[in-house]
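Every value quoted in this text rests on a predicted model; they were computed, and no experiment measured them. Order of appearance sets the numbers: ligands from 1, and atoms from 1 within every ligand.
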Amino acid sequence: MNKQILFESFNLKEIALKNRVVMAPMTRSRSDNPGSVATELTALYYAQRASAGLIITEGTYVNRDAVGYINVPGIYTAEQVQGWKLVTEAVHQQGGKIFAQLWHVGRMSHPDLLNGQLPLAPSALNPFEKVFTPEGFTETVEAREMTLDEIKKTITDFKNAAINAMEAGFDGVELHSSNGYLLHQFFNLYSNKRQDQYGDSVENRARILFDILDELKVIMDLSKVGVRLNPSLNGFLGMKVDEETIATFDYIVTRLNDYNLAYLHLSEPFTDVSGNQNAIQEVAKHYRPIYKGTIIINRGFTKDAATKVLNDGHADLVSFGVPYIANPDLVERFKADAVISSPDQTTFYTPGEKGYTDYPFINKN
Ligand SMILES: Cc1cc2nc3c(=O)[nH]c(=O)nc-3n(C[C@H](O)[C@H](O)[C@H](O)COP(=O)(O)O)c2cc1C
């Protein structure tokens with residue numbers, strides 16, 4: 001077994017990664033300013049973590065309708081683009097690479113976050129979850145079904161967000177088509193009851209993702225675009241595996257082979273799905289023979305498990321979420337077999353530097 005494989009460089013199409021450790025996208029809710037702008041503090045946070053081979057930012061909203069959590073930075077105004085420039089410059093100065101995760105929450109929102117409007121979704125359904133509004137944790141409501149014009153506008157908004165991301169100096173973008181948010185809501189039979197060209201059949205439920213990719217193809221090289229999928233999301237964020245989950249995601253992943261993407265970012269199941277015949281039990285293992293490009297695998301990895309999955313050939317890169325919160329120098333800690341600290345969960349989404357940029361480095365104290 002190659003024990004150093006995690007620290008080997010990797011060629012992500014034309015982007016040279018210095019190792020195979022990826023920082024997974026994580027919402028940290030530090031943009032507590034009127035314009036929902038990434039700040040110098042955001043830049044410091046990501047620059048501290050720039051020894052990762054690749055950073056994927058927190059989800060960033062593609063338009064005003066996409067909002068579902070407070071204090072999350074957007075990427076749809078000129079001011080927001082200026083904010084993200086601080087981030088990309090700081091990361092590049094440290095020799096890092098960074099993709100922006102483009103996000104629309106769909107029904108995982110609330111009128112209190114949308115100037116009184118109902119959340120937009122494939123169908124008029126309530127996910128029966130809680131979302132964090134200025135009033136605190138609040139029950140979700142029944143969403144409003146998107147019209148075809150609204151779907152078209154949203155596709156354009158993803159395209160414009162990608163243009164903004166490239167203007168802000170990002171190395172690429174990741175489409176957040178995962179974790180029960182808008183694009184994932186289209187894929188799933190329980191969240192999509194449409195009977196038009198965006199519902200019913202597998203091809204129709206997957207259509208919005210390919211519509212966005214076809215738009216992006218016109219304005220940028222798809223080798224700078226990643227796609228995130230969490231096929232076996234079950235009993236989490238309002239989602240349930242349905243009887244066509246395997247067929248749907250097999251169709252999506254097979255078709256993604258035609259798009260020459262930077263990567264496919266997959267998650268292993270977030271909850272126990274053993275015994276659920278409709279769920280993919282081992283996601284990387286299932287998709288490695290199907291997907292011809294680069295696979296990033298996520299969820300619950302330690303250094304040893306990551307080394308194993310790479311050596312087994314089930315993935316090319318491994319992304320780490322929670323470990324990156326309290327260990328800005330995660331790569332150095334892995335190299336030194338140093339202690340991996342646990343983060344303070346009470347400061348995951350609170351404003352300011354506490355629990356954000358004040359975690360120590362092993363070699364700087
Ligand atoms: C605080 C927090 C915020 C997150 N925000 C996002 C997000 O904005 N976009 C996303 O795709 N996943 C998000 N995730 C999920 C992570 O990317 C990752 O899938 C999850 O933490 C499991 O990986 P881990 O076991 O390495 O932490 C978030 C996770 C955490 C803990």
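Ring pair Tyr349/Tyr356: centre-to-centre distance not below 6.0 Å. Aromatic rings of Tyr259 and Phe210 (six-membered ring for Trp) have centroids within the 6.0 Å cut-off, being under it.
Taking a 4.0 Å cut-off on heavy atoms, Phe270 registers as neighbouring ligand 1. Ligand 1 does not have Ser178 within reach: every non-hydrogen atom of the residue lies 4.0 Å or more from it.
Within the set Gly321, Pro25, Pro323, the minimum heavy-atom distance to atom 17 (O) of ligand 1 is found for Pro25. Which of Asn298, Ile325, Thr347 comes nearest to atom 20 (C) of ligand 1 through a heavy atom is settled by distance: it is Asn298.
For Lys224 and Glu14, the salt-bridge test fails: no basic side-chain N is under 4.0 Å from an acidic carboxylate O.
If you check the side chains of Asn234 and Thr271, you find no donor sitting under 3.5 Å from an acceptor. Donor-acceptor pairing under 3.5 Å is recorded for the side chains of Asp157 and Asn63. Inspection of the Arg333 and Asn327 side chains reveals an N or O donor paired with an N or O acceptor under 3.5 Å.
Regarding atom 3 (C) of ligand 1, its nearest protein heavy-atom neighbour is Thr27 N, 3.3 Å. Given atom 9 (N) of ligand 1, the protein heavy atom at minimum distance is Gln101 OE1, 2.9 Å. For atom 30 (C) of ligand 1, the closest heavy atom belonging to the protein is Met26 CG, 3.8 Å. From the protein, the heavy atom lying nearest to atom 12 (N) of ligand 1 is Arg228 NH1, 3.0 Å.
Considering backbone and side-chain atoms together, Gly59 places an N or O closer than 3.5 Å to an N or O of ligand 1. Checked by distance only, ligand 1 and Arg28 stay at 3.5 Å or farther apart across all their nitrogen or oxygen atoms. The shortest N or O to N or O distance between Val322 and ligand 1 is under 3.5 Å. Not one N or O of Trp103 is nearer than 3.5 Å to an N or O of ligand 1, by distance alone. For ligand 1, none of its N or O atoms has an N or O atom of Glu174 under 3.5 Å away. On a distance-only criterion, Glu58 and ligand 1 share no N/O pair closer than 3.5 Å. Between Ala24 and ligand 1, no pair of N/O atoms sits closer than 3.5 Å. Close N/O approach between Tyr349 and ligand 1 is not found [any backbone or side-chain N/O within under 3.5 Å].
Within ligand 1, counting atoms from 1 as listed, the ones closer than 4.0 Å to a heavy atom of Gly300 are 24 (P), 25 (O), 26 (O).
The minimum heavy-atom distance between Gln281 and Asn276, with the atom names listed, is NE2-O, 3.1 Å. Closest of all the heavy-atom pairs between Ala206 and Ile252 is CB-CG1, 3.7 Å. Nearest heavy atom pair, residue Val273 against residue Ser232, reads CG1-O, 3.9 Å.
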Requested in this report: Would you sort out whether Glu150 and Arg144 count as a salt bridge (Lys or Arg N to Asp or Glu O under 4.0 Å), showing the intermediate values?
Outcome: CA-CA 11 Å; Glu150 283 165 342; Arg144 182 167 70 71; 2.7 Å; yes
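Sorted by first and then second residue, the pairs that involve residues 308-320 and meet side-chain hydrogen bond (donor to acceptor under 3.5 Å, both in side chains), not counting sequence neighbours, are His265-Ser319, Arg288-Asp316, Asn298-Ser319, Lys308-Asp312.
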